[in-house]
Number of protein chains: 2
Amino acid sequence: MPVGFSPEEMQRIDAVVEKRRRVRQGEALYNNGDDFTALYAIRSGFFKTCVTSNDGREQVTGFQMAGEVIGMDGIVNDNHNCSAVALEDAEVCVMPFTMIEEMSRDLPALQRHVHKIMSREIVRENGVMLLLGNMRAEERLAAFLLNLVQRLHARGLSQSELVLRMSRDEIGSYLGLKLETVSRSFSKFSEEGIIEVRQRYVKILAPDALKKIFNPQTYV
Amino acid sequence: MPVGFSPEEMQRIDAVVEKRRRVRQGEALYNNGDDFTALYAIRSGFFKTCVTSNDGREQVTGFQMAGEVIGMDGIVNDNHNCSAVALEDAEVCVMPFTMIEEMSRDLPALQRHVHKIMSREIVRENGVMLLLGNMRAEERLAAFLLNLVQRLHARGLSQSELVLRMSRDEIGSYLGLKLETVSRSFSKFSEEGIIEVRQRYVKILAPDALKKIFNPQTYV
DNA sequence: CGCCGCTTTGAGGAGGTTCAAACACAGTGG
DNA sequence: CCACTGTGTTTGAACCTCCTCAAAGCGGCG
């Protein structure tokens, strides 16, 4: 959330953010087609968002963690275009979008903040498109791990150890790979001593090797 | 642009939109890294937007035509995250973003409009991710052609004939395929009597067949 | 006409998928 | 306590799609 508001302003902002909602592991915060009413700020827990083609193929479009905002997909058509499912028990702030719009008319800093959040999502998706369109399996997985650990580190967690909240299948869906390919790539990294893997526990032993895989040119 | 404004409001909106800029074929409207100052509404012409990885791989993230707005990628970091290149001579409205923000504080309908445009872009990119992550070459190309012709049709052009503004290479980059694969898929469609192709001229002979390829399940 | 960029087409190869089986681990119940 | 089940993961082998490399074709323009 942005900073630099007066006490009264903070009070108004708090009002938007006061409503909470708990989502249990496996439950959806919202589903494709649901009416759009609010954006959600994740207070705790871990989500995946995914879209589905009408013949049933699913694409995970992102994994979101505490501090991130989801639901922007619903604004265009007043109903959600994707589903957000909790990968672990979670709590979110429900921020009614009409209130956000109302307030951001009075508070330029908030307005700018909202715009930045949406723009950040556009830029993130540009990056995923680059990954899906150009990278090979191991590059994708390296990029994924580096991104994940970097975000976790920004939240005070380790920059080398992590416990994946999602299955191989969900990683594969996000990266445009089959779960077997994800598993094989994990094994390969492990054999090469780059990471240590035991199920969902991952320890990054050689972050530079991962970065080199992700972006070969830089290190040649 | 939204509707339902009073005369004075329209006047203010016109002021935002009054500045024009011409971009010749092959020139960039903005480049990756450029300072972000404005959004651009395309008045005429055709653009591609693309991101580049630091080892030089390029991913076309979209093709944009008259009536569409580009530049939202620049809002987060106050500089552009991708490049927008004209594929044919083009003219855009330069809409300074500070003016957009200022005005949308006064005009809720404009504010909502801005939000929708950004949300639409997020949703569009979700769709591309689904395409890149799940579809095979011919499905991608079918989806691409159908999307293109639908957008052209919405602008009063034919719903069966079109002239591609982009090369096979650019189509391939957008679809996560090599140009040869794009070319082969075109040829395959042509052999099957689904389309007629001569270089960049394409005529869709059997739109239903294309739709069937794009989304097999629906027609089984 | 001859050059150049783009496109088409072919042949061979690589990376990822598919199918299948075995394994790990958590939870359940005898 | 341990076998039993179910879900998720790993690993192997065969296959397929798409990529790579190469050459020829097309079309526009000086």
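Fair warning: this is a prediction, and the values are worked out from it, not measured in the lab. Throughout, a chain's letter reflects where its sequence line sits, starting with A, and its residues are numbered from 1.
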**Request:** For A:Glu125 and A:Ile122, indicate whether the former's side chain and the latter's backbone hold a donor-acceptor pair under 3.5 Å.
**Result:** no
**Prompt:** Between C:dG5 atom P and B:Leu87 atom CG, what is the distance in whole Å?
**Reply:** 18 Å
**Asked** Just wondering, do A:Met166 and A:Val60 contact through their side chains at under 4.5 Å, heavy atoms?
**Response** no
For nucleotides 13-15 of chain C, print each protein N/O atom paired with a nucleotide N/O atom at under 3.5 Å, atom names and distance only.
none

**Asked** Under a criterion of less than 4.0 angstrom to any heavy atom of chain A, what are the 5'-terminal and 3'-terminal contacting nucleotides of DNA chain D?
**Response** D:dG8 to D:dA13
**Message:** Rounded to whole Å, how long is the line connecting atom CG of B:Leu132 with atom P of C:dG16?
**Reply:** 15 Å
**Prompt:** Quick one, which residues of residues 179-193 of chain B touch DNA chain C with a heavy atom under 4.0 Å?
**Reply:** B:Leu179, B:Glu180, B:Ser183, B:Arg184, B:Ser187
**Fill in**
Contact check, residues 164-178 of chain B vs DNA chain D, heavy-atom distance under 4.0 Å, returns B:Gly176, B:Leu177, B:Lys178
**Asked** Is the closest basic N to carboxylate O distance between B:Glu121 and B:Arg124 below 4.0 Å?
**Response** yes
**Prompt:** Ignoring hydrogens and geometry, is there a side-chain-to-backbone donor-acceptor pair from B:Asn32 to B:Asn81 under 3.5 Å?
**Reply:** yes
**Asked** Are any side-chain N or O atoms of A:Arg140 and backbone N or O atoms of A:Leu132, one a donor and one an acceptor, separated by less than 3.5 Å?
**Response** yes
**Message:** Looking at B:Arg165 and B:Phe47, would you say the former's side chain and the latter's main chain have a donor-acceptor pair under 3.5 Å?
**Reply:** no
**Complete:** For A:Phe46, the ring pair (Phe, Tyr, Trp, His ring centres under 6.0 Å) test, sequence neighbours excluded, returns none
**Request:** Without swapping roles, check the side chain of B:Gln25 against the backbone of B:Leu87 for a donor-acceptor pair under 3.5 Å.
**Result:** yes
**Position toward the 5' end of DNA chain C (nearest nucleotide), A:Arg198 or A:Met135** = A:Met135
**Item:** Cationic N near anionic O, under 4.0 Å, B:Arg57 to A:Glu139
**Value:** yes
**Prompt:** Heavy atoms, side chains only, cut-off 4.5 Å: are A:Ser83 and A:Lys48 in contact?
**Reply:** no
**Message:** Show every ring pair (Phe, Tyr, Trp, His ring centres under 6.0 Å) that has at least one partner inside residues 149-189 of chain B, sequence neighbours left out.
**Reply:** B:Phe63-B:Tyr174
**Request:** Give a yes-or-no answer on whether the side chains of A:Asp55 and A:Ser53 include a donor-acceptor pair shorter than 3.5 Å.
**Result:** yes
**Message:** Under 4.0 Å between a side-chain nitrogen and a carboxylate oxygen: does that hold for A:Glu180 and A:Arg184?
**Reply:** no
